[in-house]
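Worth saying up front: this structure is predicted, and the values here are computed from it rather than measured.
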Amino acid sequence: MFLTVASKSLLNRKGSVAMTLMAISVAIFVLLGIEHVRQQARDSFASTVSGVDLIVGAKTGSLNLLLYSVFRIGSPTDNIRWETYEQVVADPAVAWAIPISLGDSHEGYRVVGTTSAYFDHFSYGKKRRLEFTSGAPFEGTFDAVLGSEVAKTLGYKIDSEIVLAHGLATTSFSLHDNKPFTVVGILAPTGTPVDQTIHVPLQGIDAMHSDWPQGPANLAIKSGAEPGATPAKPESITAFMLGLKSKMSIFGVQRQINDLKEEPLMAILPGVALAELWQMVGLFEDVLRLISALVLLAAVLGLGAVLLSSVRERNQEIHLLRILGAPPYYLFLLIEMEAVLIALAGMLIGGASLYVALILVEDALFANFGLYLEADLLTLEGLSILGAVLLSAIVAAGVPSVQIYTAASRYFER
Amino acid sequence: MTIELHGVAFSYANDATKSLLNIDHWSVAKGERVLVHGPSGSGKSTLLNVMGGLLTCSVGEVTLLGERLDRMNARQRDQFRANHVGYVFQRFNLVPYLNAIENIELASTFAAGKQRSSVREEATNLLHSLNVIPSDWSKPTSHLSMGQQQRVAIARALINTPEILIADEPTSSLDAENRDNFLRLLLGLVDEKNTTLVFVSHDLAIAQYFTRVQALSEFNKEHC
């Protein structure tokens, strides 16, 4: 009966209740939406690289190593000699290794020299392997595999020829234009920096630089007329990723690499470094949360105001309910129940519209921004947000509830 | 005695110098139907509110059904009123956005110990005997005519089978035909349930329906 009274009383004041309900729904939409995107961004950030146990580079800060090896941001401090790489990889604990050679670019996109191990072992997200939308991994020295964004933005297809530039600027003057590469594969979108990367074989990088700085003397390599002339071993690489046979050996191998006498190297655990990096982005998260909290505050204050103005129109009900023997707290609870009902309806509307919105934009977001959103809203965080909304609605309804309580207690005393 | 007032004095806090009620002794026996009349502002409604425990007197004893209302706390008075006293007013007897059945059920929720199913059955019986047609039962009461609303109000007031029914000018908004119809139905039910009725009105034309007719000034000595 109590519920009937509360809900019919709300339905009786459709106009003002509908407006408040909309405000609450929008607030819930924003709150859940921001929390959801934040959560997903964090997840997708943390899953930029997965399945890699250690990342190894020249001694530097762990964030710097992570940034240049995974995010292709910043510059490596030093290279690793190929012999050292081979020595580390020879460790029986190592299952696989992906060497990475950085330093060239194409139209502002970074070029990564690597081996086919990259396509076999590199994974992101929940252990998702790289997939090809067209073509296949590189085989020849001057083959290139493009990330999805590179191919899309620059309009490259299989068999397009591209010329790499030394350095990173879009207008580099030192073009390797005597050594064009041929696109042999295009990767599917991953939502990671892989999308913005051009992958070429290590040999390609070396061959490209083989005329450097002597001048265009070794053109033979380009024509491929003398395949034997292609350097079998590169001199050095920038960094490498390791997969170990057993997770148990991660710290042992990490220590060995850090203590290596031959060359000052460091090995980092990508998960740990990613978490460190995310902490630095954390301020942005807090600002987003603050904004959504303020949106909620505005909405519940509106709710309080609507209920407060309703108290003045409810003299008849106060009179009647008191006559029937309803104690003043019944009226207090009635107002609170109305607030709770509005909040619950708002959750339903806000949550449902967010769900629909997520489903609608899911594909577009993934395809265009590589941002992968899952439409599961009933996470622990989502539920605690809903709890907070309910609580704040109850608190905001406190003022009108106390007012109607006082009015009901003194009603007959005039 | 069903209702007994002894040495009751009452004045509103905002006008403490004027004592609106000053009753040495007044009582109503079980089954009596009393019509109290008097000009407006003479304290009739205040008397009814004191009898229902809605107002508490500064001095005096108010005894209903042998229980001292003036000794109860607010919660006990609310509970007592819900169980033993029914009210019908001139207007605003019903929650406008609830229908007739819901209004009656709402009244029953504050009284102790009744099954919801038996309430519904009793509500329909009451509405039948008050000539409210079933198609009007589920309309919001704001859509009913004044005469219909007042009849639903009787059902609402009697659903908890109170020993005492207090009526405050319930016929003042009705025309003569509706008024007589209303009174016949009300008194029929009051007779049937042997309810004690205290009815306040300024309209002496209805005096024939009552066993006792008293002017408020007969037992209320106003002091200024």
Side chain to side chain contact (heavy atoms under 4.5 Å, CB included), that's the test. Do B/Val95 and A/Lys8 meet it? Break it down for me.
CA-CA 10 Å; B/Val95 180; A/Lys8 287 214 171 179; over 6 Å; no

Please rank B/Gln79, B/Glu102, B/Arg77 by heavy-atom pairs under 4.5 Å with chain A and give me the top one.
B/Glu102

Are the side chains of B/Asp78 and A/Pro328 in touch, meaning some heavy atoms are under 4.5 Å apart?
yes

Within the structure provided, determine whether A/Gln316 and B/Arg91 are in side-chain contact (heavy-atom separation under 4.5 Å).
no

If every non-hydrogen atom of A/Gly325 is compared with every non-hydrogen atom of B/Ala82, which pair is closest and at what distance?
CA-CB, 4.0 Å

State whether the number of non-hydrogen atoms from other residues, nucleotides or ligands found under 6.0 Å of A/Met19 atom CE is greater than 12.
no

Quick one: does A/Arg322's side chain get under 4.5 Å of B/Tyr87's, heavy atoms only?
no

Taking atom CE of A/Met1 and atom CG of B/Leu98, what is their separation to the nearest 0.5 Å?
5.5 Å

Side-chain contact, heavy-atom cut-off 4.5 Å: A/Leu321 with B/Leu106?
yes

Exactly one of A/Leu11, A/Leu10, A/Val5 clears side-chain contact (heavy atoms from CB on, under 4.5 Å) with B/Tyr97, and that residue is A/Val5

Heavy-atom count check: over 12 atoms from other residues, nucleotides or ligands less than 6.0 Å from B/Arg71 CZ?
no

Less than 4.5 Å apart, side chain to side chain, heavy atoms only: is that true for B/Leu54 and A/His319?
no

Taking the side chain as every heavy atom from C-beta outward, state whether B/Arg81 and A/Leu324 have any atom pair closer than 4.5 Å.
no

Given heavy-atom pairs under 4.5 angstrom as the criterion, report whether the side chain, backbone, both or neither of A/Arg13 touches chain B.
neither

Write down the atom of B/Tyr12, the atom of A/Phe412, and the distance for their closest heavy-atom approach.
CE2-O, 3.5 Å

Under a 4.5 Å heavy-atom cut-off, does chain A meet the side chain of B/Arg156, its backbone, both or neither?
side chain

Check this for me: A/Tyr329, atom OH, are more than 12 non-hydrogen atoms of other residues, nucleotides or ligands nearer than 6.0 Å?
no

If we only count heavy atoms from C-beta on, is the B/Phe89 to A/Ile323 side-chain gap below 4.5 Å?
yes

